[in-house]
Peer 1: 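I'd like to ask you about the structure that follows.
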Amino acid sequence: VHSSGFWLSFLAVSGLLMGLGGLWGQLRWWQRLAKPQWVVWVALAVPLLVNFSHLPLLSPLVNALLIPWVSLTIVPLCVIAAGLSYVFEPLAMWCWQLADWQLAWLWQGLQWVSPLAQKWSFEMPIAGSGWIWLGLAIAAVLVLLPKGLPGRWLACFPVLGLLFAVERVPPLRLTVLDVGQGLAVVVRTANHSLVYDTGAQFGERFDAGKWTGGR
């Protein structure tokens, strides 16, 4: 229960129940592919920003491909293999291998998409933003409410307020140096530089930090 993935899974299902409850039979085929991804993206936007400080914009497209793939092929193959392992083990091993082959291709695809997902992501590091997170969470709930309920338009206020309340952290660069007797860490921001653990000072004539910097 302390794992973020545990709560993200429950929030995703809760968002689907809220955003699609009673509407699934009224959706066209393309809406059944697109709307669940939009609903999950909205439902998990605030938790992902709280835990990881960024929200991948490509996740709906990736999920639209991977979720049906895993649900319709890999999971059934694993279930069939688990049952066949007690009846006909060679066929069960073939199912396991087929599922493993698909997972290998899936993993390679994720490795290829990962740099793009990091580039096309919404980053929002915020300091002291409890009220902002609460407002965004309320906005997400309002967006997921059925269209017939009043008050959904109120979701625009927390989002607009975010544009004025966000306190962005300046870019930070961290460099670790091998200074012989240990490691020195250099931290650079937009306006400051900090060198930490530069080494000991052996008397007045020899300073490990200055000696390393001189070299």
Side-chain angles (χ1 to χ4, degrees), residues 1-79 99 102-103 105-126 129-163 166:
V1 296
H2 297 287
S3 172
S4 59
F6 177 86
W7 294 105
L8 289 175
S9 299
F10 275 91
L11 288 173
V13 175
S14 301
L16 289 172
L17 291 175
M18 180 181 297
L20 300 177
L23 301 176
W24 188 254
Q26 305 174 13
L27 300 178
R28 299 180 179 178
W29 67 268
W30 61 270
Q31 292 176 322
R32 294 186 178 185
L33 293 177
K35 191 165 184 178
Q37 311 309 325
W38 159 252
V39 169
V40 171
W41 190 80
V42 172
L44 298 185
V46 174
L48 288 175
L49 288 171
V50 171
N51 287 278
F52 308 108
S53 298
H54 75 281
L55 180 65
L57 301 179
L58 295 180
S59 58
L61 297 177
V62 175
N63 290 335
L65 174 63
L66 296 188
I67 291 178
W69 183 3
V70 174
S71 301
L72 300 178
T73 61
I74 297 177
V75 172
L77 280 172
C78 293
V79 174
Q102 293 185 67
L103 284 173
W105 279 96
L106 184 149
W107 182 253
Q108 290 183 4
L110 289 177
Q111 293 294 323
W112 180 79
V113 174
S114 180
L116 295 176
Q118 293 179 0
K119 181 178 180 180
W120 294 92
S121 63
F122 177 69
E123 298 184 1
M124 191 174 63
I126 302 178
S129 53
W131 289 107
I132 296 178
W133 293 127
L134 179 60
L136 289 178
I138 295 175
V141 172
L142 292 175
V143 170
L144 295 178
L145 288 176
K147 293 183 178 180
L149 294 179
R152 297 177 72 246
W153 59 274
L154 296 174
C156 63
F157 289 104
V159 177
L160 292 176
L162 179 67
L163 300 177
V166 171

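Because the structure is a prediction, the values reported are computed rather than measured.
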Peer 1: Is a side-chain donor or acceptor of Ser114 paired with a backbone partner of Leu110 at a separation under 3.5 angstrom?
Peer 2: no
Peer 1: Would you tabulate the side-chain donor-acceptor contacts of residues 6-15 under 3.5 Å, counting partners in other chains and residues two or more places apart, or write 'none'?
Peer 2:
from	atom 1	to	atom 2	distance (Å)
Trp7	NE1	Val1	O	2.6
Ser9	OG	Gly5	O	2.9
Ser14	OG	Phe10	O	2.8

Peer 1: Just checking Trp38: does its CH2 atom have more than 12 heavy atoms from other residues, nucleotides or ligands closer to it than 6.0 angstrom?
Peer 2: no
Peer 1: Sequence neighbours excluded, which residues qualify as side chain to side chain contact (heavy atoms under 4.5 Å, CB included) partners of Trp112?
Peer 2: Leu116
Peer 1: Atom CG in Leu48, atom OG in Ser59: separation rounded to 0.5 Å?
Peer 2: 7.5 Å
Peer 1: Short question: side chain of Trp41, backbone of Leu58 - any donor-acceptor pair under 3.5 Å?
Peer 2: no
Peer 1: Provide the closest heavy-atom pair for Ala99 versus Cys78 in the form atom of the first, atom of the second, distance.
Peer 2: CB-SG, 4.1 Å
Peer 1: Considering all heavy atoms of both residues, which atom of Pro47 and which atom of Ala43 are nearest to each other, and what is their separation?
Peer 2: CD-O, 3.6 Å
Peer 1: Working to the nearest 0.5 angstrom, can you tell me the gap between Gln37 CD and Leu16 CG?
Peer 2: 8.5 Å
Peer 1: Would you call Val40 and Ile67 a side-chain contact if the rule is heavy atoms closer than 4.5 Å?
Peer 2: no
Peer 1: Run the side chain to side chain contact (heavy atoms under 4.5 Å, CB included) test against Val75 and tell me which residues pass, sequence neighbours left out.
Peer 2: Val70, Val79
